[in-house]
Protein chains: 2
Amino acid sequence: MANPFPIPLNALRAIEIVARRGALAPAAEELGVTIGAVSQHLRRAEDRLGMELFARTPQGIKPLPALVQVLPQLTGGFTQLQDGLASLTGAHEGVLNVTVGSVFASRWLIWRVNKFSALYPGLEVRLTVTGAMLDLSRPDIDCGVRYGDGTWPGVDVSLIGGQDYQPVCSPLIRDRVKSPADLAHVPVIADQTSMLDWPAWLTKAGLDPALPLNGPVYSDASLAFDAAISGQGILLAADMMTADAVSDGRLIRPFDLPVRGKRGYFLATAKGRREPKKLGFFRDWLAAEVPASVLGYVHQNVPNTATLAPFSK
Amino acid sequence: MANPFPIPLNALRAIEIVARRGALAPAAEELGVTIGAVSQHLRRAEDRLGMELFARTPQGIKPLPALVQVLPQLTGGFTQLQDGLASLTGAHEGVLNVTVGSVFASRWLIWRVNKFSALYPGLEVRLTVTGAMLDLSRPDIDCGVRYGDGTWPGVDVSLIGGQDYQPVCSPLIRDRVKSPADLAHVPVIADQTSMLDWPAWLTKAGLDPALPLNGPVYSDASLAFDAAISGQGILLAADMMTADAVSDGRLIRPFDLPVRGKRGYFLATAKGRREPKKLGFFRDWLAAEVPASVLGYVHQNVPNTATLAPFSK
DNA sequence: CACACCGATATAGAAAATCTATATGGCAAA
DNA sequence: TTTGCCATATAGATTTTCTATATCGGTGTG
């Protein structure tokens, strides 16, 4: 089968633009090249086709009748390609689909994602809030932000923060928790979904890691959080997730004794996938926003000379 | 204004073909490049756009939904470009418009152009037969074959033949023209449109260049020719134009004494114009056919070991 | 379990295409 | 006659595209 394009597509585009615009200069501007480059495209195409496409007159270059006749087809063709490509890139660039846990969403992201949207208008973040991480290889999911040790199969991860954790409680029960030993006498809120390690913290605090801890039990992390804020007991929580409530006084860190765990919050993506630009924007934004939020939102808007925390992939 | 094509048109074409054909191998075949080249087009495009367009699966490469959605537009776009370009080149390549004189047409070209058409099926020769040469810069005229000294303004020429000329007449009056001096006693046919030079021939024949020549006068060259064939007198004509009639006996060259003039038949084209391929085919054909026709059509189909006459531009 | 095959990918370097910079030509207007 | 505009031609630099080749991952078969 003969080659349907005996001249380069770039040359055909130059021809279409010159024919439509009527001169080399506006065509060069539209193409983003010099007038000489456009002129060469035309000449090489004419030589390759073995025919002239334009008349060179004292008044300038004019498309010959045969070209005028097919110009609507050429213009239509390029317009369709342009529109198709715009639809393709627009549809994709417009929405970032993220799967997150409820705590990360309700205690951190929801309060900050407006800043991301302000930075990237036209890019909408859509959260899918689930207990377990969704299958990241789904084409309609771009990434996840999840808590764990980051060893999920088929997933690439980069740690964004949230490794430190410690007990928090409402100021209402401040007098009842003056020392770690008091944990034996006050309610300790249990979140069944939590992966945080009480024994590790107790060890760090110099207590028996098997110290019995009693209190209300919740199957939903957000409810456990609300219980702590309302004064129902002590909750072990990631510093990153409690920073906002601590900064505005809804919670206090009674012992001020954080422990660094092996787990943390990770930005997770499907292994082997190319990274869309919009995901890169989100990654970069997280890399800046997480360190900046360490002291909670009350302190976040003041000038901060601290360097960004190392952000590893 | 943003670049409407953030990826090369070649890459977009590769994407469209792969999405439509379903694999790299058939796409590479359609594009006339290697599988590696197609793969690179896809990858570079995805990186440039910041998004994936295809899913790589064990069953092979599959377009993602967003690409599937715009594929009709892309396919439509390339089809329009292809069809437009085919129309452009087809419309042009299909017809060769030539302006010629009536003698050249009726005594030479008409009898031979079938050979050209046989060589180039799909390429139709259209003759515009006029007394004077048409304006060759007209876009609907490709070239002319005209008799003259080749110094027309705004015209490029290449000599094709017809410089030699001499008297011819019907065999019916053979007995009346045994020597050049007999010209004073027989009718000499005058063609008012002719540029041939009786005085030059008479000088070559050893006669007074001012020898009075009398006979019927025609304003149309074809009629003058017919008068000669019907025995009405002697006609001075270009050998090239009489060769066929001489070869089949309708005419004789009573003195067999040709003279070489400054004029001849020229292939003429508008100065400064690029030469279409179809015109090049015609030029090449003339370069072979004119020398081959020197002895007239009766002798032309026998094997001829004569080398082609030099064909100058 | 090992091997062969298929389809795709990555890379280095060659080849081709495209571009810029510059000089030049032709024409019209001042 | 000079100047400005539009287009052209050319050399060489730059970028793009291609080929050749090695490799990878998955599947099917012996």
Side-chain angles (χ1 to χ4, degrees), chain A residues 3 5-49 52-64 67 137 153-154 156 270-275, chain B residues 3 5-49 52-64 67 137 153-154 156 270-275:
Chain A
N3 180 14
F5 292 104
I7 58 173
L9 287 166
N10 280 346
L12 187 57
R13 186 163 173 236
I15 288 163
E16 188 274 328
I17 297 178
V18 172
R20 172 165 48 81
R21 299 293 294 270
L24 293 186
E29 189 179 337
E30 187 166 332
L31 279 163
V33 297
T34 63
I35 289 165
V38 178
S39 183
Q40 284 181 71
H41 272 306
L42 302 191
R43 276 302 186 193
R44 284 196 302 266
E46 286 173 319
D47 287 344
R48 180 81 65 88
L49 292 176
E52 281 192 326
L53 300 172
F54 294 90
R56 276 74 175 176
T57 76
Q59 292 76 37
I61 201 168
K62 292 183 194 312
L64 289 167
L67 176 54
S137 66
D156 288 328
K271 190 179 283 295
R273 242 167 107 178
R274 311 295 274 213
E275 177 149 307
Chain B
N3 179 14
F5 293 104
I7 58 172
L9 287 166
N10 280 345
L12 188 57
R13 184 159 174 241
I15 289 164
E16 189 272 330
I17 297 178
V18 172
R20 174 165 45 83
R21 300 291 294 269
L24 293 187
E29 190 178 337
E30 187 166 331
L31 279 163
V33 299
T34 62
I35 289 165
V38 178
S39 184
Q40 281 182 74
H41 271 306
L42 302 192
R43 275 309 186 187
R44 283 196 303 265
E46 285 171 319
D47 288 341
R48 181 81 65 86
L49 293 176
E52 279 192 328
L53 300 171
F54 294 91
R56 276 74 176 176
T57 76
Q59 290 75 39
I61 201 167
K62 293 184 195 311
L64 288 168
L67 177 54
S137 67
D156 286 328
K271 189 178 285 293
R273 245 168 104 175
R274 313 294 275 206
E275 176 149 306

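Chain A is the first sequence line, chain B the second, and so forth, proteins listed ahead of strands; every chain is numbered from 1.
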J.: If I take atom CZ in residue A:Phe5 and atom P in nucleotide C:dA17, what distance separates them, rounded to the nearest angstrom?
T.: 17 Å
J.: In terms of the nearest nucleotide of DNA chain D, which residue is placed more toward the 5' end: A:Ala25 or B:Arg48?
T.: A:Ala25
J.: Could you state the CD1-C1' distance from B:Ile61 to C:dC6, rounded to the nearest angstrom?
T.: 14 Å
J.: List the steps and the verdict of side-chain contact (heavy atoms from CB on, under 4.5 Å) for B:Glu16 and B:Leu12.
T.: CA-CA 6 Å; B:Glu16 189 272 330; B:Leu12 188 57; 5.9 Å; no
J.: Atom CG of B:Leu42 and atom P of D:dT17: how far apart are they, to the nearest Å?
T.: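 Those two atoms, CG and P, are 12 Å apart.
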J.: What's the CD-P distance between B:Glu46 and C:dT9, to the nearest Å?
T.: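 B:Glu46 atom CD is separated from C:dT9 atom P by 8 Å.
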J.: Counting only side-chain N and O atoms of A:Arg44, is one of them less than 4.0 Å from OP1 or OP2 of C:dA17?
T.: no
J.: OP1, OP2 of D:dA7 versus side-chain N and O of A:Ser39: anything below 4.0 Å?
T.: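 Answer is no, no contact under 4.0 Å.
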J.: If you take all heavy atoms of B:Ile61 and B:Phe54, which pair is closest and at what distance?
T.: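 Residues B:Ile61 and B:Phe54, closest heavy atoms: CG1-CB, 3.6 Å.
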J.: Taking atom P of C:dT24 as reference, at what distance in whole Å does atom CD1 of A:Ile35 sit?
T.: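 So the CD1-P distance, A:Ile35 to C:dT24, works out to 18 Å.
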J.: Using the side-chain hydrogen bond (donor to acceptor under 3.5 Å, both in side chains) definition, which of the options B:Glu46, B:Gln40, B:His41 pairs with B:Arg43?
T.: B:Glu46
J.: Is the phosphate of D:dC18, meaning OP1 or OP2, less than 4.0 Å from a side-chain N or O of B:His41?
T.: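 Looking at the OP1 and OP2 atoms of D:dC18, one of them is under 4.0 Å from a side-chain N or O of B:His41.
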J.: Do any side-chain nitrogens or oxygens of A:Thr34 fall under 4.0 Å of OP1 or OP2 in C:dC19?
T.: no
J.: Would the base of D:dT27 count as contacting B:Gln59 through its side chain, where contact means a donor and an acceptor less than 3.5 Å apart?
T.: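 Side chain to base: no pair present.
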J.: Write down the distance between CG (A:Leu24) and C1' (D:dT8), rounded to a whole number of angstrom.
T.: 9 Å
J.: Under 3.5 Å, is there an N or O donor on one side and an acceptor on the other linking the side chain of B:Gln40 and the base of D:dT19?
T.: yes
J.: Could you tell me the separation between the CG atom of B:Leu53 and the P atom of C:dT9, rounded to a whole number of Å?
T.: 12 Å
J.: Can you find a side chain N or O atom of A:Arg56 that sits less than 4.0 Å from OP1 or OP2 on D:dC6?
T.: no
J.: Please test A:Leu64 against A:Leu53 for side-chain contact (heavy atoms from CB on, under 4.5 Å), starting from the C-alpha separation and ending with a verdict.
T.: CA-CA 6 Å; A:Leu64 289 167; A:Leu53 300 172; 5.7 Å; no
J.: Would A:Leu42 and A:Leu24 count as a side-chain contact (heavy atoms from CB on, under 4.5 Å) if you check the C-alpha gap in whole Å, the side-chain angles of each, and the deciding distance to 0.1 Å?
T.: CA-CA 10 Å; A:Leu42 302 191; A:Leu24 293 186; 3.8 Å; yes
J.: Look at the side-chain N and O atoms of A:Asn10 and state whether any lies under 4.0 Å from the OP1 or OP2 oxygen of C:dA17.
T.: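 False: A:Asn10 side-chain N/O out of range (4.0 Å or more) of C:dA17 OP1/OP2.
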J.: Once you round it to whole Å, what is the distance between C1' of D:dA7 and CD of A:Glu52?
T.: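 Result: 14 Å.
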